[in-house]
Each structure stands twice: as structure tokens, then as C-alpha cells.
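Computed from heavy atoms alone, side chains included, the values below leave out hydrogens, waters and symmetry copies. In listed order, ligands and their atoms are each counted from 1.
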Amino acid sequence: MRNVWIIEEQGFDREKIEDNGNKFLLGNGYMGIRGTLGEFGKEQLVAVNLAGIYDQVGDGWREPLNAPNPLYTVLIVDGEKYSILKKEPIAHKLSLNDRQAVLSRETTWEGSKGQIRLCSERFLNMENPHLIYERYEVICDFAGNVTVQTGIDADVWDIYGPHFVNFDYSGEEILSVKASIQENRESVWVFENIEVENKEFLVDCGVEQRDKTVLHHFSYRVQPGENVSFVKQCAVYTTKDREALDGCLAIQIDTIFEQDLLGSYERLKQEHIAWWEEKWKTSEVWIEGDEEAMKALNYSLYHLHSIAPRHSESLSIAARGLSGQTYKGAVFWDTEMFILDFFLYTEPSVAKTLLRYRIDTLEGAKEKAQGYGYDGAFYAWESQEGGYDACSDYNVTDVFTGRPMRTFFKDKQIHISAAIVHGIMRYVNVTGDRSILEEGGIETIVECAIFYYGLLLKKVSGDRYELHDVIGPDEYHERVSNNGYTNRMAKYTFESASMLLSTLAEYPEEIRQRIEKQYAVEELKERFADAAEHIYIPEPDSDGVIDQFDGYRTLEDVSLEEVRSRLLHEKEYWGGAYGVASHTQIIKQADVVTWLTLFADEFSKEILTKNWEYYEPRTEHGSSLSACMYAWLACICGFPDKAYPFFLKSATADLKGGGKQWAGLVYIGGSHPAASGGAYMNAIHGFAGVSFQDGRILVNPKLPSNWKKMRFTLIYQGKKYRIEINGKDASVTEL
Ligand code: BGC
């Protein structure tokens with residue numbers, strides 16, 4: 001059997017630099033380091049992307065920071081620079097062991113006197129998330145002069161930068177760069193320390209600060225086969241890491257760094273591998289009969305582990321994880337609806353951290369609602385710290401005129417608030433832990449319900465409530481009425497809020513009092529119950545199909561190919577006022593299908609199947625969130641083989657790369673955590689058919705025909721279970 005835990009790329013292809021940055025990403029929740037090479041700079045999209053710290057320059061979009069890169073390394077042999085960008089290698093391999101989270105590189109060049117081989121490997125510390133380690137080795141098969149320049153490159157890749165204004169370089173034994181940002185007084189510090197082996201070959205060494213770099217240089221005189229090697233340890237801090245810093249925000253870096261780095265490197269690496277082994281014990285999904293799927297799925301889980309904010313108690317995951325500044329490093333509904341399940345079942349404490357971020361940004365959501373003249377909580381479509389909505393009124397640039405296009409994602413994608421309610425309720429139901437409700441979850445849900453209540457419309461002659469002027473998950477059709485997904489999620493919010501207010505007696509006295517002090521509980525209970533009962537939920541037509549929104553099926557019914565052929569520019573935006581899809585039934589991503597998947601037990605198999613069949617050919621899958629919902633619903637309908645290609649599309653989103661990089665003229669490349677989380681949900685809920693009823697785990701497998709067996713672990717209501725599936729049989733064993 002091949003090693004399913006090795007992700008490898010042989011040879012060097014310039015065209016793949018961007019995708020490989022995502023594919024070979026290392027991360028530890030605090031930072032993500034793109035899978036780039038030592039000699040790369042900002043043109044190759046090098047990034048040490050930081051979680052939860054943002055900056056805005058002028059009118060540009062506010063985005064997270066990329067720290068100065070402490071892994072910058074240049075190799076010079078006999079006066080000639082050996083960079084893969086300048087000199088074609090005779091062999092090159094980039095390889096990620098995604099079970100161990102170690103990235104290695106091996107490159108061989110043919111020089112004028114013989115061969116030069118460079119090997120390096122790097123990993124991030126998972127327990128102290130500030131730390132990075134790298135080992136580097138050069139061997140020549142001839143006698144020559146080898147110089148290595150290595151240190152910190154502060155000329156970082158920014159989309160809407162430059163963010164750093166003042167740089168403070170220092171270089172003695174430990175190099176450091178302190179850079180402060182434009183918007184406020186926050187700063188980023190990067191440190192680098194190095195220990196070289198074989199000091200006896202060293203002829204010269206020193207430190208040099210040039211442009212925006214501060215570098216050590218080491219020059220050696222080597223004989224054939226003698227190696228030049230060193231280990232680097234680097235650290236990244238920001239002024240937001242107040243607890244890690246002392247009162248005057250200084251860092252005693254020598255107390256943090258290893259003293260005997262060369263001697264400790266192997267131990268540190270083994271500890272790192274052991275940390276990951278421990279994680280895989282509860283999260284690995286084993287599949288017999290389909291190595292490709294097993295590899296892709298666990299690789300997706302590797303990505304989710306790498307971006308989990310374990311260092312914080314209140315932080316979420318950005319739509320592009322820690323792969324860069326794309327999508328403004330903002331948190332979308334992706335987290336609660338696509339990513340959350342993986343953590344709920346394998347590491348509930350992370351799930352709680354993600355949700356606590358929403359509870360802690362409730363004030364931001366209330367402010368946003370007030371800004372539109374509404375009560376309650378309208379969560380940010382693109383949430384940054386404090387719940388600030390980074391989504392701009394003009395979120396797409398028109399490719400023809402270069403002018404910003406008015407989009408309504410921020411104003412009209414009201415389904416975001418319900419996603420948060422859904423996430424909190426799932427946390428409570430799956431973990432059995434109600435502390436989140438007591439710690440602000442009740443208020444969050446009630447405020448979301450208040451928000452939707454204020455938006456309900458009732459016609460003078462009618463007796464039902466409607467929601468008008470919204471955008472559903474399919475963003476191509478803006479400002480529509482009665483989007484089924486949105487209405488059903490609003491109903492879910494009313495149901496949840498009304499249930500919570502009706503069961504307040506079950507909570508400690510002080511919680512009850514806190515809620516009663518803030519809300520007219522009886523009145524709200526009645527309102528929400530009434531709203532839940534009377535909100536209009538679109539029904540299937542005589543042919544079984546449900547209109548995605550009022551009038552959807554009066555739009556031009558035309559094939560995806562036809563709509564694609566109408567594009568005048570490859571980067572043209574399909575939606576909005578003039579988009580090629582806007583007046584047609586072509587949709588961006590699963591919409592009705594997402595609704596039917598989440599509430600499948602409210603429909604017959606026949607209706608579910610009819611809607612899948614109607615919508616799938618009309619879906620562009622222009623978002624990486626789409627395929628997994630189609631896969632999941634196909635499983636529910638009993639067609640796992642039909643689900644399979646959609647599952648694989650989600651699981652390989654970052655492995656294969658090549659996803660959409662542009663929305664109009666806005667760069668949207670990066671990794672795809674929602675697709676990774678979606679692939680996990682497909683495996684667990686779809687193929688394995690896991691569901692929960694009355695505190696019990698039910699397993700109703702629907703494996704694709706090439707899958708023989710499946711095995712995984714789930715944490716449910718505080719207990720750990722091993723699920724084993726053999727064809728149609730399943731067993732659940734408490735561990
Ligand atoms: C999708 C949204 C998603 C966002 C971030 C957009 O392209 O339409 O549903 O939340 O990307 O992933």
C-alpha cells in the first residue's frame with residue numbers, strides 16, 4: 001500500500017507555486033505558513049499569516065497581517081546564487097507528511113563543478129504556537145565555497161498593504177524585526193535564532209541588514225561530501241499576545257528559545273509527531289477499498305487541525321483558513337455550517353472556542369442591526385475582530401470598467417445569524433454541554449430571533465409571515481423574496497429561541513434572572529412561537545420541485561454551458577445586477593439543496609431526489625461550499641455512488657488546487673476549510689450515515705460501491721465511541 005500520509009510533488013513548475021502554497025501549508029491555529037521555498041519572496045506569495053490581527057490602509061480593505069518571514073534563505077555556491085527561480089534544478093521534490101505535519105524539500109542542481117543538493121524540513125510547534133523550527137542541509141560533491149544567507153525578510157506579501165510602517169531591525173546572535181502597523185499601535189515581532197553544525201569548515205560569518213531583510217551569513221570551505229547544515233528556531237509574537245509578554249510588552253526571547261538547538265531538534269520533532277499522533281487517535285478516518293478517498297479525506301482533516309485556534313478561548317476560522325489575506329481573513333457562515341462538525345465530534349473544546357467568538361461578538365452584531373434600523377443581532381457577513389463587518393458595499397470589481405460593483409452580501413445575506421444559532425444548538429445537542437448557553441449563548445440566540453422577528457412581513461390580507469429582499473446561499477440572485485433556505489433557518493431560530501425561553505426554569509437562578517432582566521420573556525416566547533408557526537416555508541410544486549425563491553422558475557431556464565458561453569471575460573462576475581446568471585436559473589451553489597439536507601426528515605425521499613435532480617444541473621458549483629451539500633443529500637436519497645464525485649471534489653479542493661481564483665478582479669485564492677469540513681460531514685453523516693436520536697448514535701451506512709469498510713472515532717455527549725462499518729453492518733463501541 002502507498003503511504004497515504006505523504007503528499008508529494010516531484011519537479012518544479014512555476015505555474016504551481018500559488019496552489020502549492022496552499023497545498024503544503026503548515027499551521028498551528030496561531031499562524032499559517034504557506035508551502036513556499038526558502039528563496040521565495042512576496043512575488044511567490046510567501047506568507048506567515050496571523051490569526052485574528054488585522055489592519056487597514058487608507059480606503060483599502062481591512063485584512064489580516066502576514067508577518068515578516070523568518071524562513072528566508074539564500075544559497076550561494078562559488079559565488080553563484082542557487083535559487084530554483086533562477087536556476088533550473090535537475091531534481092526537486094516537495095513533500096508533506098500530513099500525519100506528522102512536517103514539510104520537506106529536496107533540490108539538486110548541476111553546477112559547473114558538480115552537484116549541489118539542498119534538503120530542508122520545517123514544522124510549527126503545536127503547543128507553543130509562536131514557534132517554528134527548520135533544519136537545512138547542503139551537500140556538494142566537489143570542493144567549493146558555500147555561503148548561506150538566512151534570516152528575516154520583512155518585505156511581505158500584502159493584498160491591500162503595505163501594513164507595516166516602522167521597522168526596527170536588530171541582529172546579534174538572535175535576529176529580530178519589530179514592525180508596527182498603520183491602523184493602531186499593534187506591532188508584530190519576529191525572531192530568528194540559528195545554530196550551525198560543522199563549525200570547523202566555517203571561514204566567515206556575520207549579520208547583515210539590507211533593505212527589508214536582516215540575515216545571518218555563513219561561509220564555508222567544504223570538501224566533496226561534507227555537509228553544511230543548521231537548525232533555525234523562529235518565533236512570532238504580536239502585541240495582542242499580552243499574556244505571553246511581560247508588563248512592558250517586551251519578550252525575553254532567550255528564555256523561550258532552546259539553548260542547545262542542534263541537540264534538541266530531533267527531540268522537538270519527535271514531540272511534535274507525538275502531538276499529532278494523539279490528535280489522529282480521535283480524528284483519523286480509515287477507509288478500506290479506496291486509498292484515494294482515504295488520503296484526500298485525512299488530508300482535509302490535516303488542514304482543519306492546522307487552523308484550529310487552540311491557543312485561544314474565543315477565536316474563529318477564516319474562510320481561507322491561514323493561507324493568506326484572501327477574503328479579508330474574515331469569518332463567514334462557513335465555520336458554523338461546514339467546519340464545526342469536525343471539531344464537535346473530535347475536539348469539542350475547539351468547537352466551543354469557535355462559537356465563543358460569536359458570543360463575544362454579539363455586540364458587533366447588535367450594532368450592525370442597529371445600523372440598518374433593526375433590533376437584535378445581525379451578524380457580520382465577513383466578520384473580523386469585535387464582529388466588525390469587513391464586507392464592503394462594493395465587494396466585486398467589474399472587469400470591464402474597473403469600477404466597484406454594488407453588491408448586497410453584507411446587507412442582505414441575513415441567513416448568517418441563523419447559522420450561528422444552528423452552530424450553538426448543535427454544540428449543545430452533540431456535546432450535551434449547556435455551559436455555552438449559560439455563558440451568553442441564550443442571549444445570542446434570542447437576539448438573532450429578535451432580529452428576524454423585526455424583518456417579518458405580513459400582507460394585509462394574509463396570515464403568514466414572509467422575508468423579503470434577501471440573498472440566500474446562492475449569491476448570484478440578489479434581493480429575492482422568500483428564499484426557502486433563509487425562511488427555514490429563521491424558523492429554526494424562532495423555534496430554538498422559543499424553546500430556550502420556555503425552559504429557563506432548568507437553568508441556575510442567576511442565569512434565569514439575568515435573562516429576565518434583559519427581556520420580556522413571556523412576550524418574546526409568544527412572538528417567537530407565533531413566528532415559527534406562521535413563517536412561510538415554500539412547498540414543492542406539483543412536479544415536486546421547490547422554488548428557490550419567489551419567481552425563481554420564471555427565470556430563463558438555460559444550460560450552464562450556455563450561460564458560460566455568454567461570458568465576455570474569464571474573470572467576469574456571474575451575479576449581481578448584470579451578471580450572466582442573474583436573470584437565469586443558473587445558481588452559484590447549493591441553496592434549496594442545503595436546506596433539504598439540513599431538514600431532510602421533513603421531506604419524502606421522492607421530493608428530496610426531485611430537487612437534487614432539478615438543481616444539480618443548474619448549479620455552477622462556483623463556491624467550494626457547494627459540492628459537499630450535493631454529496632450529503634445524494635446519500636440521504638440513497639445514492640452514494642452519485643454522491644461520491646461531489647464528496648471527492650470537496651475532499652480534494654486543496655490537494656488538486658485549481659479552484660476559482662477570482663471574483664471579478666478580486667483575488668479569492670487560498671485553502672478551502674469549508675470544503676474540508678464538508679468532506680468530513682459527507683463521510684460521517686453521508687456515507688457512514690451517522691445521526692443521533694434520544695442520546696443514542698444511529699449508524700445507517702450507505703458506502704459507495706468501492707468502499708468495503710470504514711472506521712472512525714466520535715465524541716458524543718462527552719463519551720468516545722469507535723464506529724466500525726463493514727458493508728451494510730455497523731457497530732458502535734464505547735471506548
Ligand atoms: C460563497 C459564500 C462563502 C464565501 C466564503 C463565497 O464565494 O458564496 O457562501 O461563505 O465564499 O467561503
Residues two or more places apart in sequence or in another chain: which of them pass ring-ring contact (aromatic ring centres under 6.0 Å, His included) with Tyr374?
Phe451
Taking only Lys NZ, Arg NE, NH1 and NH2, and the carboxylate oxygens of Asp or Glu, determine whether [X] and [Y] approach each other closer than 4.0 Å.
| X | Y | value |
| --- | --- | --- |
| Asp341 | Arg426 | yes |
| Glu382 | Lys410 | no |
| Arg564 | Glu561 | no |
| Arg479 | Asp411 | no |

Might you list the protein residues in contact with ligand 1, defined as having a heavy atom under 4.0 Å from one of its atoms, sorted by chain and number?
Ala319, Tyr327, Phe332, Trp333, Asp334, Trp381, Glu475, Lys588, Gln589, Ser623, Leu625
Plane angle bin for Trp61 and Tyr160 - parallel if under 30°, tilted between 30 and 60°, otherwise perpendicular:
tilted
